[in-house]
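Since we're looking at a predicted model, the values are computed, not measured.
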Protein chains: 2
Amino acid sequence: MRATIIHAPGDIRVENAPEPKIVAPTDAVIRTVATCVCGSDLWSYRGVLPVTEPQPIGHEYVGIVEEVGADVSSVRPGQFVIGSFVASDNTCPICQAGYHTSCQHAQWVNGAQAQYVRVPLADGTLVATPEQPTEELIPDLLALSDVMGTGWYAAKAAEVKPGSTAVVVGDGAVGLSGVIAAKELGAERIIAMSRHESRQKLALEFGATDIVTERGEEGVARVKELTNGLGADSVLECVGTQQSMHQGLQSARPGGNVGFVGFPHGTQIDGQELFFTHVGLRGGPAPVRAYLPDLIDRVFSGRINPGKVFDLTLSLDEVAEGYKAMDERRAIKALLRP
Amino acid sequence: MRATIIHAPGDIRVENAPEPKIVAPTDAVIRTVATCVCGSDLWSYRGVLPVTEPQPIGHEYVGIVEEVGADVSSVRPGQFVIGSFVASDNTCPICQAGYHTSCQHAQWVNGAQAQYVRVPLADGTLVATPEQPTEELIPDLLALSDVMGTGWYAAKAAEVKPGSTAVVVGDGAVGLSGVIAAKELGAERIIAMSRHESRQKLALEFGATDIVTERGEEGVARVKELTNGLGADSVLECVGTQQSMHQGLQSARPGGNVGFVGFPHGTQIDGQELFFTHVGLRGGPAPVRAYLPDLIDRVFSGRINPGKVFDLTLSLDEVAEGYKAMDERRAIKALLRP
């Protein structure tokens, strides 16, 4: 099969590789219908995370079940399925509490930028759609595999409630998905922080009521102006840098909540700052699996269109261009068709 | 009047000082019936916080209203009252959300280790007891002015719920009050981390079901052992050091909550550590005022006896010994009678 291999920072290639096989009786093998490049894939691409040897890459996928192991009972060959980037059993106490990415048997899925991918713990990880989706639903469903579920988790962690005010820090695919989530969870006012015209437009289309272009202390001041000097009830921190975390904490009202989903590489949170904000802070890799049934319903009913974050569609063989376009911020997110 | 003045680290004196007067029409002046030494007073006493000139000290008090300003209507002279260490208006949106210590008009109360104390925003800050308390209730009511309310906030911030498992890090007066709070909020299992026999005894009397004497990684491992390898639903972090914060985060189950109320002087929280714990973290100076009516009821009905944290009673003139005994950990908390 054709599969994406990262050889070194900046060096992404599509190569011939053996098709994955069932290894454990709880595995499934999926023929990918669509896959994509994640903002977090850029960590390796940019050399922020080390690449010591050529390795498969990609963790977002939708596709058709090709084969299942002997113990798999909830999905069967031929079904169209979506799974999370972390495989989970969906039964342990941590999954039951809704934190599937910390499942007691969690395994990271990798190598999804390929024609086939092996998914462990298929019963707990994969969710079949109610019917075969039309071609136009494919991008929306693919978005559920990571970014839409991550935006949803950011909104849940930030405790967005009906009638509340939400700020979204970050205008990447996750931040834009966070706008959708805040809207769906009933936020009355959604302030999107963005300085890119095309992303501002999409944020407004997704439900943002205000755009703030300022950053740092100026951005905080602008949010305070828009919220009677108080700050927002909820902040979705979708970047992960020192500056964005500080901006997020300071943009929330005392006693508000910040959900952070941007990977906080090297970020330190000042205990005293957090203390005096009175803010509740929760983050982590999004338990996408927890939200899949609900989000699939919302896509099939046409309530949400998260697939609009894909503004570049390429064939799998063109994957290197997808990384390049995202790295140079020419594209929000690149969809790949194997 | 007699008033406590800190001249320099380790140099606490009781001196004659002018009685406080009404300054603003929203003030009240209280004749203190009891006051006490706070763990946070030891920050100055130990020189961790600078003392640049002689200054009054103390922020916990119960007493009789002596005089009120022209605009005060909710308390009147002769009433027995309790107030928080932060004066608040109790009407702004932040107070209404339950975060009185971040009130839009917040003012810190100081100089309470004295015969009289001026309390700003009396209507929003002071709560009168339903009747004059008996002598034996005085310590319980005094505890509500800070430590019991702080333990309560730690438990609320850690989202203690009926049937849940709670860990209390820290066996000072706040940690011990946190045990009471966890019990009252319905925790089924309360693990107190303590290596001092007298404090362990009090923790058990207050409702702790388990005592863990280990600290750091060993303490975390012991908590995991006691919780099926998962960690606790709620952790009350009542210390404020780098080590105790790390211990608190690691003792919670994925998706659990940590409430932190120990002042995090110089503490840094690693963003990546917090990310992968999936833990919700909220701290801050406790909005004691929010809990006073409820806690006064619980004291008058005999449900809780937080006054037991006072294991040393001194006259105001002996205040220096109170600081010394707490600094040397000979006493949990010193009550002063003016």
query: Given that the side chain runs from C-beta out, which part of Val261(A) has a heavy atom under 4.5 Å from chain B: side chain, backbone, both or neither?
result: backbone
message: One thing to verify: whether Arg282(B) and Glu237(B) come together as a salt bridge, which I'm taking to mean a side-chain N less than 4.0 angstrom from a carboxylate O.
response: no
message: Let's test your reading of the structure: which of Ala157(A), Gly98(A), Gly255(A) forms the most heavy-atom pairs below 4.5 Å with chain B?
response: Gly255(A)
field: Atom group of Gln104(A) that falls short of 4.5 Å from chain B, counting heavy atoms
entry: side chain
- line: Under 4.5 Å to a heavy atom of chain B? For Pro285(A) that would be both
field: Within the 6.0 Å centroid threshold, strictly below: Trp43(A) and His265(A)
entry: yes
field: Salt bridge present between Glu217(B) and Arg222(B) (N-O < 4.0 angstrom)
entry: no
- prompt: Which answer fits Leu281(A), side chain, backbone, both or neither, if we ask what part of it has an atom under 4.5 Å from a heavy atom of chain B?
  reply: both
- line: Heaviest contributor of heavy-atom pairs below 4.5 Å to chain A, chosen from Pro264(B), Gly259(B), Pro287(B), is Pro264(B)
query: So does Asp233(B) pair up with Arg253(B), basic N to acidic O under 4.0 Å?
result: yes
field: Asp89(B) and His105(B): side chain donor to acceptor below 3.5 Å
entry: yes
